[in-house]
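In what follows, a single structure is set out as structure tokens and then discussed.
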Amino acid sequence: MELDVATTTVLTGWLAATIRLAGPLLLAALGELFAERSGVLNIGIEGVMLLGALAAYLATWTGGNPWIGMLAGMAAGLGSGLFLGFLYVTVQASHVVVGIIFNIFALGLASYVYRLALSGISGVQTVAMFTAKPVPGLSEIPVLGPVLFSHTMPLYLTVLMVFFAAYTLYKTAFGLNLRAVGENPRAADTAGIDVARYRYIAVMISTVASGAAGAYLVLANVGQFRDTIIAGQGFIALAIVIFGRWDPWFAAIAALIFGAADALQLTLQLMGTGIPPQLLLALPYLLTIIAMSGLIGKANQPAAFMQPYRKE
């Protein structure tokens with residue numbers, strides 16, 4: 001049975017929004033996947049995304065070029081990674097405690113810097129955003145064209161990152177060593193692998209990707225900054241890693257599921273279904289609880305996950 005025009009339009013809009021909203025989540029999750037594969041849980045991903053979003057907003061507002069903003073977001077992630085890596089790896093502090101405190105610190109810092117930078121300026125200030133880059137020919141295919149081939153460059157690059165992450169983890173010596181560090185750091189150390197070095201690198205991959213994800217939100221999806229812009233998406237990215245069984249391909253599928261839930265609540269609100277909007281807004285977070293509770297099956301996390309290692 002053929003779908004009518006209205007139904008096709010709604011379906012196309014929902015699917016396109018699914019992919020658009022899944023992009024930042026997937027980017028942050030891919031970075032976090034490297035950290036967790038090395039044995040480090042970076043709960044500070046939420047705060048890093050917020051700082052990346054702020055850096056991207058201010059840099060783009062000043063320079064007028066979203067690529068400058070993206071680089072600024074990544075730089076904020078790199079700086080955060082050096083700090084968090086020191087606490088996670090060198091100090092060997094609790095990953096959970098450090099991450100939670102960093103998230104609180106990042107929220108306070110971002111709020112203060114944003115108000116300081118825009119003091120005396122009234123109204124909501126928007127910045128230049130990435131525009132959609134339709135793929136010639138493919139973007140004109142009915143339904144599939146708008147859904148798959150009419151997005152911004154950050155989305156296309158994020159899709160490529162899935163292939164790059166899978167290749168790096170499973171086909172390179174770096175990936176093999178990283179996974180060995182997360183499974184058995186003592187054996188890896190005995191084999192001559194610098195455990196601390198690999199964990200530092202993994203944390204910085206996580207934070208640079210998270211900073212870029214925060215920049216992605218501002219420069220491709222929103223165009224503005226506010227204190228609540230991340231709204232728990234860092235924790236959703238953590239859930240995607242678990243939901244995706246610490247694998248880039250499954251993480252991509254998990255990100256699409258979470259993106260679909262987020263897009264669904266937006267679509268149903270626009271359709272005026274009468275369902276309370278608060279209930280619809282809870283959909284992505286309900287999935288997060290389910291993913292992290294183990295209700296979908298027990299996941300085999302890295303054997304040395306969250307276990308500190310000190311070379312003897």
Side-chain angles (χ1 to χ4, degrees), residues 16-32 45-81 106-107 109-111 113-118 121 123-135 139 146-162 164 205-234 236-237 240 252 255-256 258-259 262-263 266 284:
T18 292
I19 295 177
R20 185 176 67 254
L21 295 172
L25 295 173
L26 176 57
L27 181 55
L30 288 174
E32 175 62 17
I45 187 174
E46 179 92 359
V48 178
M49 289 181 70
L50 182 61
L51 294 178
L54 175 64
Y57 174 83
L58 294 177
T60 307
W61 183 58
T62 303
N65 188 324
W67 285 112
I68 295 176
M70 181 62 72
L71 290 175
M74 295 172 68
L78 180 62
S80 300
L107 177 59
L109 179 63
S111 299
V113 172
Y114 174 70
R115 284 162 177 73
L116 183 65
L118 274 72
I121 300 176
V124 178
Q125 302 296 312
T126 58
V127 295
M129 297 176 64
F130 289 103
T131 56
K133 300 290 184 182
V135 179
S139 62
V147 171
L148 299 177
F149 305 111
S150 299
H151 294 281
T152 59
M153 283 303 299
L155 189 280
Y156 298 136
L157 293 175
T158 299
V159 173
L160 290 177
M161 286 300 298
V162 178
F164 178 76
I205 290 174
S206 170
T207 56
V208 169
S210 298
Y216 186 148
L217 278 173
V218 171
L219 303 175
N221 289 4
V222 181
Q224 302 171 2
F225 178 83
R226 54 183 182 272
D227 298 346
T228 58
I229 190 172
I230 305 303
Q233 293 194 55
I236 293 177
I240 286 173
L256 287 174
F258 281 87
D262 201 3
L266 292 172

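These values consider heavy atoms only, across backbone and side chains, with no hydrogens, waters or symmetry-generated copies. Please read these numbers as outputs of a predicted model, since none were measured by experiment.
Phe130 has its side chain within reach of Pro154: a pair of non-hydrogen atoms, C-beta onward, lies under 4.5 Å apart. Between Ile19 and Val147 there is a side-chain heavy-atom pair separated by less than 4.5 Å.
Ala106 is linked by a side-chain contact (heavy atoms from CB on, under 4.5 Å) to Leu51, Phe102, counting only residues two or more places apart in sequence or in another chain. Residues forming a side-chain contact (heavy atoms from CB on, under 4.5 Å) with Ala17 (at least two apart in sequence, or on another chain): Arg20, Ala263. Looking at residues two or more places apart in sequence or on another chain, you find a side-chain contact (heavy atoms from CB on, under 4.5 Å) between Met161 and Leu30, Phe164. With sequence neighbours excluded, the residues satisfying side-chain contact (heavy atoms from CB on, under 4.5 Å) with Leu25 are Gln233, Ile236, Ile240, Phe258.
In this structure, Glu46 contributes its side chain and Gly232 its backbone to a donor-acceptor pair below 3.5 Å.
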For residues 61-80, which side-chain N or O atoms pair as donor and acceptor with protein atoms under 3.5 Å away, sequence neighbours left out?
{"unit_1": "Thr62", "atom_1": "OG1", "unit_2": "Leu58", "atom_2": "O", "d": "2.9"}
{"unit_1": "Asn65", "atom_1": "OD1", "unit_2": "Trp67", "atom_2": "N", "d": "2.9"}
{"unit_1": "Ser80", "atom_1": "OG", "unit_2": "Ala76", "atom_2": "O", "d": "2.9"}

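Listed by first and then second residue, the salt bridge (charged side-chain N to carboxylate O under 4.0 Å, His left out) pairs that reach into residues 70-80 come to none, sequence neighbours excluded. Identified under the side-chain hydrogen bond (donor to acceptor under 3.5 Å, both in side chains) test for residues 207-229, with sequence neighbours left out: Ser111-Asp227, Arg115-Asp227. Residue pairs meeting the salt bridge (charged side-chain N to carboxylate O under 4.0 Å, His left out) criterion with at least one partner in residues 212-225, sequence neighbours excluded, are absent. Every pair tested for salt bridge (charged side-chain N to carboxylate O under 4.0 Å, His left out) that includes a residue from residues 124-134 fails, sequence neighbours excluded, so the list is empty.
Distance check, rounded to the nearest 0.5 Å: CG of Leu50 to CG of Leu217 gives 10.5 Å. With rounding to the nearest 0.5 angstrom, the CG atom of Leu157 is 13.5 Å from the NE2 atom of His151.
Summarising the geometry of Gly23 relative to Thr158, their closest heavy-atom pair is O-CG2, 3.7 Å, with the distance given to 0.1 Å. Shown here for Ala252 and Leu26, the closest heavy-atom pair between the two residues is CA-CD1, 3.6 Å. Across Pro24 and Leu21, no two heavy atoms sit closer than the pair CD-O, 3.6 Å. The nearest pair of heavy atoms linking Ile45 to Gly234 is CG2-O, 3.4 Å.
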Phe225 and Val127: side-chain contact (heavy atoms from CB on, under 4.5 Å), yes or no, with the steps? CA-CA 9 Å; Phe225 178 83; Val127 295; over 6 Å; no

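Across Leu54, Ile229, Ile230, Leu27, a single residue satisfies side-chain contact (heavy atoms from CB on, under 4.5 Å) together with Met49, and that is Ile230.
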